[in-house]
Amino acid sequence: MIPHQATEERDAVRGGQVRVLRRTAAAPGRTPLVLVHGGGTDNAAISWHFAFSDFGDDRDVIAFDLPGFGETANIDPLGGPAAMAEFTIEVLDALGLDRVLMAGVSMGGDVVLNVALLHPERLAGIVLVAPGGLSPVLRGKAVQFSSWAAGKLPDAVLFGLSRMVTTQAERMVRGIIHESSTLPDAVLREFVAEQQRPGANVGYARYNQATLGPWGMKNDLRSRVHEIETPTLLFHGAEDPMVCPQDSQVAAALMPDARIHLIPSCGHWAQLEKPTIFKNALKGFFAEIEARRTAQGS
């Protein structure tokens, strides 16, 4: 699936091919928006189904598949979010992008947080949608330990189990949203197709193996988010069953230039479940950032 108004290309990075979805604005000049998808069997076309039509009128919009996800090929999965953040910078360099706005959902939010810590000079602003990287524990100690233990299984067993749940793909995706009727049919079809792709789940398995400890999360950035001075918008569904909304609230209070939109009657995929609210929130946030830049003369 290629989202409405997006085009598809392949770009060379690390000796492989990165699948990039792009919409070039008719009248460019505003800061480009770069989008980082989530985990599981997500890809750029799934998470950012609406983004190209919603944000591409007046700025370039770019989304790409991380190694081990979607149609990016011949690059080994990266593991943890810091490694993914460094890869994201390499993608920006390959595309000739200097300073950008960046949004990430779930695992992608964890990646964007790491970009903000490692390369703040590349970011004009960040959007974190139900982000990973802000939780001390994964939905309780029992889930934490069982998820960590599952990640220790040999690949043949772990990916065999993943293939077994492919038949439950529709049930799985509907389990992470609050109102199933809000999910576009095209997104559900792409999710099912991605579940069936050879090598599906490898990228996310490596991320989980890098971030899950037996009793807590290894990627918990709550002690460092106060270092992020980049303007930040957190956007989180109030009924998110995957990532605790309170984690985003705590982070927003710790960050020097952050605000949070907590969306009622909304689950984990907030940008897909509430696209109009998401579009309006981001457009207002981007306008504020650009007004600040104009006032500062930069």
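Please read these numbers as outputs of a predicted model, since none were measured by experiment.
- In this structure, the side chains of I62 and P32 come closer than 4.5 Å at one or more pairs of heavy atoms.
- Side-chain rings of H37 and F69 approach one another, their centers coming within less than 6.0 Å.
- Put simply, L233 and I277 are part of the same group of oily side chains (I, L, V, M, F, W, Y) that touch within less than 4.5 Å, one to the next.
- No donor-acceptor distance shorter than 3.5 angstrom exists from the side chain of S147 to the backbone of Q144, with no hydrogens or angles considered.
- For T72 (side chain) and D65 (main-chain N/O), a donor-acceptor pair under 3.5 Å exists by modelled atom type.
- For Q296 and R293, the side-chain atoms include no donor-acceptor pair closer than 3.5 Å.
- Both I260 and M102 sit in one connected hydrophobic cluster of ILVMFWY residues. Membership requires side-chain heavy atoms under 4.5 Å apart, directly or through other members.
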* Audit row: T7, L21, side-chain contact (heavy atoms from CB on, under 4.5 Å) steps and yes/no -> CA-CA 6 Å; T7 59; L21 301 174; over 6 Å; no

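- A258 approaches A252 most closely through the heavy-atom pair CB-O, 3.9 Å.
- At distances below 3.5 Å, not a single donor-acceptor pair connects side-chain atoms of S47 with backbone N or O atoms of A44.
- In terms of hydrophobic clustering, with Ile, Leu, Val, Met, Phe, Trp and Tyr side chains grouped at heavy-atom distances under 4.5 Å, V243 and L262 are assigned to different clusters.
- The pair R99-E121 fails the salt-bridge criterion, with no side-chain N (NZ, NE, NH1 or NH2) lying under 4.0 Å from an Asp/Glu carboxylate O.
- Hydrophobic clustering of Ile, Leu, Val, Met, Phe, Trp and Tyr side chains at less than 4.5 Å, counting indirect connections, keeps L117 apart from V127.
- Annotation: side-chain hydrogen bond (donor to acceptor under 3.5 Å, both in side chains) contacts of E86 (sequence neighbours excluded): H119.
- Proximity of a side-chain donor or acceptor of N114 to a complementary backbone N or O of D110 within less than 3.5 Å is detected.
- Heavy-atom minimum distance, A116 versus I126: CB-CD1, 4.1 Å.
- Residues meeting the ring-ring contact (aromatic ring centres under 6.0 Å, His included) test with F145, sequence neighbours left out: W148, W215.
- Within the model, atoms CE of M255 and CG of L234 stand 6.0 Å from one another, a figure rounded to the nearest 0.5 Å.
- A salt bridge (Lys or Arg N to Asp or Glu O under 4.0 Å) check over residues 66-75, counting only residues at least two apart or in different chains, returns the pairs R10-E71, R19-E71.
- Counting only heavy atoms from C-beta outward, the side chains of F50 and P184 approach each other to under 4.5 Å.
- Annotation: side chain of S265 is in contact with side chain of E179 (closest heavy-atom distance under 4.5 Å).
- Salt-bridge check for D11 with R22: failed, with every basic side-chain N at 4.0 Å or more from each acidic carboxylate O.
- Listed by first and then second residue, the side chain to side chain donor-acceptor pair (under 3.5 Å) pairs that reach into residues 277-289 are R259-E288, E288-R292, sequence neighbours excluded.
- Taking CG of N219 as the reference point, atom CG of L212 lies at 8.0 Å (rounded to 0.5 Å).
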* To do: List the steps and the verdict of salt bridge (Lys or Arg N to Asp or Glu O under 4.0 Å) for R59 and E290.
  => CA-CA 12 Å; R59 72 178 74 247; E290 286 157 356; 2.9 Å; yes

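- Minimum interatomic distance between D60 and A25 (heavy atoms only, all atoms of both residues): OD1-N, 2.8 Å.
- T211 is listed as a side-chain neighbour of M217, based on a closest heavy-atom distance under 4.5 Å.
- Ring geometry, H261 versus F235: the interplanar angle falls under 30°, so the pair is classed parallel (tilted spans 30 to 60°).
- Between R197 and E190, no side-chain nitrogen of the basic residue sits less than 4.0 Å from a carboxylate oxygen of the acidic one, so the salt-bridge criterion is not met.
- Around atom CD of E229, no more than 12 heavy atoms belonging to other residues, nucleotides or ligands sit under 6.0 Å away.
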* To do: Go through L113 and L134 one step at a time and tell me if the side-chain contact (heavy atoms from CB on, under 4.5 Å) criterion holds.
  => CA-CA 9 Å; L113 281 164; L134 299 174; 3.9 Å; yes

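- Without hydrogens or angle criteria, R14 side chain to E90 main chain gives no donor-acceptor distance under 3.5 Å.
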* Asked: Yes or no on side-chain contact (heavy atoms from CB on, under 4.5 Å) for L272 and H49, after CA distance, side-chain angles and deciding distance?
  -> CA-CA 8 Å; L272 292 172; H49 176 75; 3.9 Å; yes

* To do: Kindly indicate, with the supporting measurements, whether the criterion side-chain contact (heavy atoms from CB on, under 4.5 Å) is fulfilled by M1 and N43.
  => CA-CA 10 Å; M1 175 183 72; N43 65 38; 5.8 Å; no

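- Within the 4.5 Å cutoff, no side-chain heavy atoms of H268 are placed close to those of I177.
- Residues F55 and R23 form no side-chain contact, since every pair of their non-hydrogen atoms from C-beta on lies 4.5 Å or further apart.
- Atom CD of Q271 and atom CZ of F278 lie 6.0 Å apart (nearest 0.5 Å).
- We find the OG-CG distance between S223 and L254 to be 10.0 Å, quoted to the nearest 0.5 Å.
- Between H236 and S248, the shortest heavy-atom contact is ND1-OG, 2.7 Å.
- Across all non-hydrogen atoms, the minimal contact from P231 to A124 is CD-O, 3.6 Å.
- Across all non-hydrogen atoms, the minimal contact from I289 to G125 is CD1-CA, 3.8 Å.
- For the pair L78 and R206, the minimum side-chain heavy-atom distance is 4.5 Å or more.
- A continuous path of Ile, Leu, Val, Met, Phe, Trp and Tyr side chains, each step under 4.5 Å between heavy atoms, connects I46 with L183, placing both in one hydrophobic cluster.
- The number of heavy atoms from other shown groups lying within 6.0 Å of CD (E9) is above 12.
- For the atom pair CD1 (I75) and CD (Q17), the distance works out to 8.0 Å, reported to the nearest 0.5 Å.
- When the side-chain contact (heavy atoms from CB on, under 4.5 Å) test is applied to A253, no partner is found at least two apart in sequence or on another chain.
- For the residue pair D42 and Y204, no side-chain donor N or O sits within less than 3.5 Å of a side-chain acceptor on the partner.
- Side-chain contact between F64 and L66 is present, with heavy atoms from C-beta onward closer than 4.5 Å.
- For H178 (side chain) and E273 (main-chain N/O), no donor-acceptor pair under 3.5 Å exists by modelled atom type.
- Taking a 6.0 Å sphere around NZ of K152, one finds it holds 12 or fewer heavy atoms contributed by other residues, nucleotides or ligands.
- Between the side chains of T41 and Q195, at least one donor-acceptor pair of N or O atoms lies under 3.5 Å.
- Within the structure, no pair that satisfies the salt bridge (Lys or Arg N to Asp or Glu O under 4.0 Å) test touches residues 230-253, not counting sequence neighbours.
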